[in-house]
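The next block holds one structure in the form of structure tokens; read it before the comments.
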Number of protein chains: 2
Amino acid sequence: MDVMRAGDRNCLIDVTGLRAGQAVLEGPGALSGTTVVLAPPGGATGGADVRGAAPGTRETDLLSPFTTVDRVHALVFSGGSAYGLDAASGVMARCERDGEGFAVPGGVVPIVPAAVLFDLGRGGDFAARPGAAQGAAAYDAASGRPVERGVAGAGTGAVAGGLKGGVGTASVVLDAGYTVSALVVVNAVGSGVDPTNGELLGARYGLPGEFDDLPAPSAAAVSALREAAASHGGALTAGTATSLMLVATDATLDKAGCGRMATMAHDGLARSIAPVHTVMDGDAAFALATGARPAPDLAGTFALHTAAADVVARAVVNALLAAEPAGRWPSYRSVLAGVGR
Amino acid sequence: MDVMRAGDRNCLIDVTGLRAGQAVLEGPGALSGTTVVLAPPGGATGGADVRGAAPGTRETDLLSPFTTVDRVHALVFSGGSAYGLDAASGVMARCERDGEGFAVPGGVVPIVPAAVLFDLGRGGDFAARPGAAQGAAAYDAASGRPVERGVAGAGTGAVAGGLKGGVGTASVVLDAGYTVSALVVVNAVGSGVDPTNGELLGARYGLPGEFDDLPAPSAAAVSALREAAASHGGALTAGTATSLMLVATDATLDKAGCGRMATMAHDGLARSIAPVHTVMDGDAAFALATGARPAPDLAGTFALHTAAADVVARAVVNALLAAEPAGRWPSYRSVLAGVGR
């Protein structure tokens with residue numbers, strides 16, 4: 001097995017060439033936003049696995065290995081439920097302006113898959129939701145700098161198990177040299193907290209020492225975390241959650257290989273949040289392969305897949321650790337601090 | 001959330017009307033077998049979610065909600081890799097004899113989905129594999145008695161992470177009265193053991209107190225378990241593993257509802273074995289709904305789905321605890337006993 005270490009910034013953008021940008025929806029009653037990931041010029045190979053029961057997506061059908069288009073130019077995660085799919089329009093407009101897209105007579109058609117999460121009304125105004133402007137703003141903010149975690153971008157209004165959710169990211173470099181990274185937006189009916197001990201479910205998938213500085217929650221903290229999760233039980237309305245995931249690598253993979261990476265991402269979600277994939281969650285995973293490194297052999301493929309699951313679990317932990325309280329939702333850290341450790 | 005308790009026998013057959021039978025392949029060089037589950041007379045509604053990268057199946061396409069047939073009469077899990085699919089032929093012959101099947105002019109066509117796992121050569125003889133005779137024998141052995149766990153039926157040649165795998169089963173009764181049960185055959189490239197502490201990954205999903213009597217493995221045991229998992233790393237050949245799962249309930253579900261239950265089963269697998277769904281695993285899940293109880297509402301559906309994942313994780317733990325050493329493979333318990341606890 002590979003001995004693994006995180007990439008330089010433990011972030012999605014450790015896969016060279018990827019850029020990310022985020023925008024927060026402004027205004028009273030707003031608690032939402034948009035996250036955009038840009039492929040290197042010319043695009044990257046993409047795949048998807050939509051596993052949740054209540055997804056909101058666009059341009060996922062063309063990621064099937066049976067379809068023609070094989071390059072993705074950008075990926076959009078957004079709050080706003082199905083309304084938020086409009087954020088992709090703003091990204092498409094920017095891509096067209098910049099000449100990034102599938103070449104056709106007369107111009108380009110940017111390939112911009114998108115998935116949304118439910119956060120409607122969490123800031124008080126049901127009608128405050130991202131659209132094309134937030135997509136464009138996130139595009140304009142895109143860079144190769146580390147991605148802001150927690151209450152940011154598409155994670156602005158995210159909630160998981162009664163605690164504030166948000167954006168998480170992590171990366172790993174395999175012995176064979178491949179980098180695998182993840183960007184997640186944690187927004188689930190389920191919880192990332194083990195109800196028996198208050199620890200984060202995904203922490204056991206950390207790299208050696210990665211989460212060792214997390215103190216064991218006190219009995220009072222365990223109780224408070226359980227209460228937070230129970231308070232979220234009132235939200236059992238269909239389509240009111242959804243976690244989103246992107247796993248990326250510099251390996252050369254075809255569309256089917258990317259789809260398999262996306263499948264593995266769901267295992268990381270299952271290990272770090274429970275339950276997931278429920279009737280209230282539209283959990284969706286995407287994968288991008290930049291192809292800067294050669295295609296892996298069987299053992300390399302195995303290592304990439306295993307890493308894809310683990311890096312998602314670590315990104316979920318990072319999201320919950322980075323989240324600050326927002327709206328009426330406490331964060332994992334604020335609950336622990338409130339009762340002492 | 002529901003407060004849950006196990007069914008009377010903590011077994012698949014706690015869903016009333018289901019029967020199960022197992023057959024072991026006899027003869028020198030054989031280490032394989034077949035497990036059959038029979039639906040109540042007239043069949044049960046079925047669904048499937050095939051998630052692994054190297055599956056071996058038959059009659060899964062007809063479980064799609066878009067297809068016509070809506071009753072399953074029996075389900076077959078077998079060793080023998082793709083050769084083992086013949087076991088379903090023996091079960092079909094018995095079903096035809098007994099008049100169980102989809103009625104057509106002149107007779108019936110039994111609907112018998114099947115999935116196989118890789119165990120070829122584990123007993124020494126690559127050609128010793130279950131066929132129609134083992135399927136018929138398992139059918140003939142079927143009863144409403146508790147299912148034998150560990151080295152039995154389709155789990156006879158199963159291995160997971162260098163330890164003996166096998167058959168596991170568990171059940172749960174929800175507050176709303178629904179029973180959800182699982183039968184699994186654990187046979188994975190990945191391991192059910194947490195390498196950091198030697199504990200079984202799925203044990204945290206046990207019912208209150210269920211696995212509390214498992215002592216903490218000693219440092220020597222943790223080391224020995226790691227060595228067992230590492231020894232299995234040599235088996236990185238495509239298509240050489242596969243875990244199989246059935247989740248069942250007495251609720252009324254349609255085919256899509258059964259498919260969603262099968263999807264949730266994979267979350268239980270992901271939580272109890274790591275990695276899963278690799279290029280070497282053909283992990284497949286099925287679901288059966290007998291319909292003895294009414295269709296659940298949204299909250300009930302949520303509870304059923306959550307339970308489906310958890311009952312699979314518990315069944316995986318039971319499989320690994322029940323397994324005895326066989327062939328050249330130690331068991332979880334034999335490794336612990338060998339180094340003292």
Side-chain angles (χ1 to χ4, degrees), chain A residues 1-2 49 51-53 189-191 194-197 199 201 203-206 208 226 229-230 232-233 236-240 256-257 259-260 263-281 283 296-310 313, chain B residues 1-2 49 51-53 189-191 194-197 199 201 203-206 208 226 229-230 232-234 236-239 256-257 259-260 263-281 283 296-310 313:
Chain A
M1 291 295 171
D2 283 296
D49 182 350
R51 179 87 44 84
V189 172
S191 171
D194 185 334
T196 66
N197 58 19
E199 295 177 359
L201 287 166
R204 71 161 67 179
Y205 296 94
R226 271 196 206 132
H232 203 48
L236 286 187
T237 307
T240 53
R260 172 62 43 186
T263 291
M264 302 302 289
H266 284 283
D267 288 343
L269 189 70
R271 290 170 182 145
S272 52
I273 302 177
V276 290
H277 306 133
T278 75
V279 280
M280 295 78 167
D281 292 288
D283 305 326
D297 61 8
L298 183 66
T301 302
F302 180 83
L304 279 178
H305 289 172
T306 304
D310 289 347
Chain B
M1 291 295 173
D2 283 296
D49 183 351
R51 181 83 46 82
V189 172
S191 172
D194 184 335
T196 66
N197 58 18
E199 295 177 0
L201 287 166
R204 69 161 68 180
Y205 295 94
R226 271 195 207 131
H232 203 47
L236 285 188
T237 307
R260 172 62 44 186
T263 291
M264 301 302 289
H266 283 283
D267 288 344
L269 189 70
R271 291 171 182 145
S272 51
I273 303 177
V276 290
H277 307 133
T278 76
V279 282
M280 296 77 168
D281 292 288
D283 305 326
D297 61 9
L298 183 65
T301 302
F302 181 83
L304 278 178
H305 289 172
T306 304
D310 289 346

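Letters go in sequence order (proteins before strands), and every chain restarts at 1. Because the structure is predicted, anything quoted here is derived from the model rather than measured. Note that these values count all heavy atoms, side chains included, but never hydrogens, waters or copies made by symmetry.
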I'd like to check B:Arg271 versus A:Leu201 (side-chain heavy atoms, cut-off strictly below 4.5 Å). Are they in contact? no

Between A:Thr263, A:Thr301, A:Val276, which has the largest tally of heavy atom pairs under 4.5 Å with chain B? A:Val276

Between A:Gly268, A:Ser272, A:Ala274, the one whose heavy-atom pairs under 4.5 Å with chain B are most numerous: A:Ala274

Portion of A:Ala309 that has a non-hydrogen atom of chain B nearer than 4.5 angstrom: neither

NE2 on B:His266 to CG on A:Asp267, rounded to 0.5 Å: 9.5 Å

With the side chain counted from C-beta on, respond yes when A:Asn197 and B:Arg204 share a heavy-atom pair under 4.5 Å apart, and no when they do not. no

What part of A:Asp194 is in contact with chain B, defined as an atom under 4.5 angstrom from a non-hydrogen atom: side chain, backbone, both or neither? side chain

Exercise: identify the closest heavy-atom pair between B:His277 and A:Arg260: O-NH1, 3.0 Å

Is it the backbone or the side chain of B:Thr196 that comes under 4.5 Å from a heavy atom of chain A, or both, or neither? neither

Checking B:His305 now: which residues fulfil ring pair (Phe, Tyr, Trp, His ring centres under 6.0 Å) with it, not counting sequence neighbours? none

Quick one: side-chain hydrogen bond (donor to acceptor under 3.5 Å, both in side chains) partners of B:Arg51, sequence neighbours excluded? B:Asp49

Region of A:Leu269 in contact with chain B, defined by heavy-atom distances below 4.5 Å: neither

